[in-house]
Amino acid sequence: MGKVVIDQERCKGCMLCVEFCPKGILAPAKEVNSKGYHPIECNDEDECTGCATCALMCPSVCIEVYR
Amino acid sequence: MREEIFLGGLGGQGVLLGGQMMARAGMDAGLNVSWFPIYSPEVRGGSTTCTIVITDGRVGSPICERPETMILMDPVAANTFAPQVAEGGLLVLNSSMIEQPPGHEDCETLWVPANDIAVEIGNERTVNMVMIGAWAGRTSALSIEGIAEALQHMLPERHHKHMPANIAALERGAEIGAESRQPGG
Amino acid sequence: MSETQRTREFITGNEATARGAIAGGCRYFFGYPITPQNKIPEYMSAHLPEVGGVFLQAESEVAAINMVYGASAAGARVMTTSSSPGISLMQEGLSYMIGSELPCVLVNMVRGGPGLGNIGPAQSDYWLATRGCGHGDGQCITLTPNSVQELHDFTARAFEIADRYRNPTMVLADAILANMMEPCDVLPPTEMPPADRPYAVGPHGQERERNIVNSLWVDFDEMEEVNLRIQERYRQAAEEITDWEEYGSDEPEVLVCAYGISSRVCESAVDEAGKAGVQARLVRPKTVFPFPSEPIAKWAEQAKCAVVVEASMGQFVEDVRLAVEGRCPVELVGHAGGNIPAVSEVVARILEMTS
Amino acid sequence: MTTDMKQVYAYPDALTEVEMRYCPGCTHGTAHRLVAEVIDELGIKDRTVTLATVGCSVYAYEYFDTDAVQCSHGRAPAVATGIKRVQPDTIVFAYQGDGDLASIGMAEIVHAAARGENFTVIFLNNAVYGMTQGQMAPTTLLGQKTTTSPRGRTAPEAGFPIRVCELLDTLDGPAFLAREALSTPPHVRNAKRAIKRAFETQVAGLGFSLVELLSTCPTWWGMTPLEAIKHVDEQMTKCYPIAVFRDRLAAQEGEQSAESAPGEGE
């Protein structure tokens, strides 16, 4: 059981976390943030294992992970 | 007093050290001095000159256009520089190497067989000391003792064994210089 | 500096400079060999370790000035020395130091140019020192000694000046001063008290906010603020350290201006002109940035004309003209390429101007 | 909401709160984070000086929460030398790109490495000049199009790419040299390991350490971030093989463990 907290304002929607999430539970939001990016959201929190691969790959340093 | 002295010779003849020694002796005698070298890009050989000013006033320019005294140790230096000696100035020339009297009509010339004397003394590297001794003997601008002491200060410890030969050379030169002051000398 | 412990020695300008630096508290030297100042790095390499200092021969003048930048950012009293082409290569680094408000001392033993030039004496880096020091609105505070003694004393003092105004300070001399020997009352190596440099980087624990040494200010107003601060320090320096010497007649017909080695020539020329019946007064800047405009303006008021003497083709004369402000005609005696003006030439010009 | 959970990935203490100005997917940010994590793990933040250089990472001094010096283009290794000669115990790292390090600053990096200066270089190689809008870098691949090699880099026109690690590996001075890629999770983990090794080498006083990080520039490569990391893996690593070229710390540790091993020796 894990949890990711993605800073929606800092996220630039680059998709690297989406690509490497082993559970495939990350995806861009429909809405844009104040800079015009579609920030990444977790769409199935129950599936998250807290493996932190998303944070490892995030160039914007906007993901915190709990387990 | 103000003495402007130009030394010229070949690299290896001790032109720079000789000039430094004269200036240092002037400093030790409580006078204002400067020493300024010009040498060709070759480190050894080639023309070497330096200018010394010794004065009880301000040194001002360390460069002299028409030096009152020129101590010239080889034919090239003699031909190149002797014409620049001041009117009424003094040329001290190394007669062991220089044949033709250079310079101009209105100057005095003191001939010093410096290489021959250096050979007699047994140390051919004392040519500069013979020449400088002759100038000192002639002008009495600096004492031989003062010059020798300055040399002692400037020579590295390992060369101090050559001091007796250098002092002998200074003294032999000084005798020639002093004799030349005699009427008809 | 311990004035009482001076010892009188007969040394070259280069050696006097190196020993002045150590007396001024310099403990770090970064440089690259270039004639006619090589005896300075040689002296420093031999003697800096004796006082706990560090000498490093850099791979280039570009690297040398950036090592100086780093050492200064770390709070050190640091110096580099070079000659004209090497100083050209340091321009960018100097600009960074000015922009980052860091002190350092550099010595320029100017040689004949432009280009590779030669190793003869020249004063043709006057603009490089007083207008140059890289891009942007910055200058080096510039001291102009004219004797071996002054090379020693000015270099020692340059460290304190650089610290006070947080700006590179240049000792501007030439190949003659570098190589000539004169008596010099040498200061002993100084024990440096730890300098108070709140801006320096380094270990700090939790004791202060982090320090950033930087000259990048994207915001125009911020950048202008830095510029205004730098200019305010220059204004302060003008008030506090502008220095010059005067020599000759109190009722001159001719004002003579020269700095450095040319001023030595002019001392003799003033004497000679006096003998020939023309009274002259020499004003000889010991600092050229800040520039002593006041005495020049004052004597220009009385004199019929000014003769400016420099071993360059009309650089220093511009500052004299700005100071004279049309009060009298200004004539240049200039030489270049390793030649320096002769006494006879200066005297002739003085006589010509007054006839 | 997370009171019953433990934080397993946090924002590094050694980064400030300032938001990095890099393009989406640019791995500069990844590199910054890894360096900051290493600084935190080694507990050296209060004695570290960051050297920012010229290029996209020019603002590194705003991002790293350490003392910092902004350096002129290519000269960070000389600045680092100056700092370390004054303060040998300060941890200094220079963050340089390929233009800064391998073009204009080649002399400084080679000589600092040759002297074995005890500081660390983080070398971002993305084979292009990002800040000045996509011109050719000394590390641009043959055939790679840039705004100053519009038909693709060719050797007769522009010479060959420079392999910095291999070049520095010919010198005796460096104590640690490694090349890693910021492309996939395993590579990123290795990259962090190498960065930590480089800093540990400096802390141990062993001399010059450098980590080359193969990085992306989605913007000037004309790729999505995902295409860009794939390009790193499939193309860049062919020209720039991933390797640890030198690790004197490991050699030293080997010696120590041999010395302390029971039953060894007499």
Side-chain angles (χ1 to χ4, degrees), chain C residues 27-30 32 48 53-78 80 89-97 99-100 102 104 134-135 195 197 199-218, chain D residues 14-16 18 21 43-55 57-92 94 104-115 117 119 131:
Chain C
R27 289 297 179 273
Y28 296 89
F29 182 100
F30 304 92
Y32 188 76
L48 261 185
V54 173
F55 166 89
L56 178 61
Q57 181 167 318
E59 61 269 30
S60 69
E61 288 88 349
V62 174
I65 192 68
N66 282 283
M67 290 172 183
V68 168
Y69 178 58
S72 182
R77 280 203 162 172
V78 57
T80 186
L89 280 170
M90 293 181 183
Q91 294 295 296
E92 183 198 33
L94 284 174
S95 178
Y96 270 69
M97 293 197 75
S100 303
L102 289 180
C104 76
H135 54 281
R197 287 182 165 78
Y199 56 84
V201 298
H204 55 281
Q206 304 297 328
E207 287 154 28
R208 59 160 167 80
E209 293 286 290
R210 68 198 190 99
N211 279 338
I212 300 172
V213 172
N214 179 34
S215 61
L216 170 63
W217 303 96
V218 171
Chain D
L15 285 182
T16 65
V18 175
R21 296 166 174 81
I44 53 175
K45 193 180 97 160
D46 293 334
R47 60 178 180 120
T48 294
V49 176
T50 301
L51 300 191
T53 61
V54 173
S57 63
V58 68
Y59 289 114
Y61 61 85
E62 289 194 356
Y63 307 144
F64 287 100
D65 190 23
T66 65
D67 278 8
V69 180
Q70 212 292 314
C71 306
S72 65
H73 203 14
R75 316 304 169 207
V79 178
T81 299
I83 296 172
K84 289 292 288 201
R85 293 297 176 116
V86 177
Q87 298 178 2
D89 294 332
T90 295
I91 302 301
V92 175
I104 193 168
M106 189 54 112
E108 284 74 16
I109 193 68
V110 167
H111 284 272
R115 289 191 300 266
E117 296 288 345
F119 64 88
M131 186 171 77

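Quick note on labels: first sequence line is chain A, next is B, and so on, each numbered from 1.
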>> Looking only at heavy atoms and a cut-off of under 4.5 Å, which of C/Asn66, C/Leu216, C/Ile212, C/Val78 has the most pairs with chain D?
In response: C/Asn66

> So which of C/Val54, C/Leu56, C/Val62 has the biggest tally of heavy-atom pairs under 4.5 Å with chain D?
Replying inline: C/Leu56

Which atom pair, heavy atoms only, marks the closest approach of [X] to [Y]?
X	Y	answer
D/Asp46	C/Gly205	CG-O, 3.2 Å
D/Thr90	C/Gly202	OG1-CA, 4.1 Å
C/Pro203	D/Gln87	CD-OE1, 3.5 Å

Using heavy-atom distances under 4.5 Å, tell me whether [X] contacts chain D through its side chain, its backbone, both, or neither.
X	answer
C/Val218	side chain
C/Arg208	side chain
C/Ala64	neither
C/Ala63	both

> Does the pair D/Arg75 and C/Tyr96 meet the rule for a side-chain contact (heavy atoms from CB on, under 4.5 Å), with working shown?
Replying inline: CA-CA 11 Å; D/Arg75 316 304 169 207; C/Tyr96 270 69; over 6 Å; no

Contact between [X] and [Y] at the side-chain level, heavy atoms closer than 4.5 Å - yes or no?
X	Y	answer
D/Asp67	C/His204	yes
D/Gln70	C/Ser100	no
C/Tyr69	D/Val69	yes
D/Glu108	C/Glu59	yes

> When only pairs under 4.5 Å are counted, which of D/Lys84, D/Arg115, D/Arg85, D/Glu62 shares the most heavy-atom pairs with chain C?
Replying inline: D/Arg85

>> Which one wins on heavy-atom pair count under 4.5 Å against chain C: D/Ala112, D/Ala107, D/Ser72?
In response: D/Ser72

> Just wondering, more than 12 heavy atoms not from C/Tyr32 lying within 6.0 Å of its OH?
Replying inline: no

> What is the distance from atom CG of C/Asn211 to atom OH of D/Tyr61, rounded to the nearest 0.5 Å?
Replying inline: 14.0 Å

>> So, using salt bridge (Lys or Arg N to Asp or Glu O under 4.0 Å) as the criterion, who are the partners of D/Asp65 when residues are at least two apart?
In response: C/Arg210, D/Lys45

>> Show me the pairs that pass ring pair (Phe, Tyr, Trp, His ring centres under 6.0 Å) and involve residues 64-88 of chain D, at least two apart or across chains.
In response: D/His32-D/Phe64, D/Phe64-D/Phe93

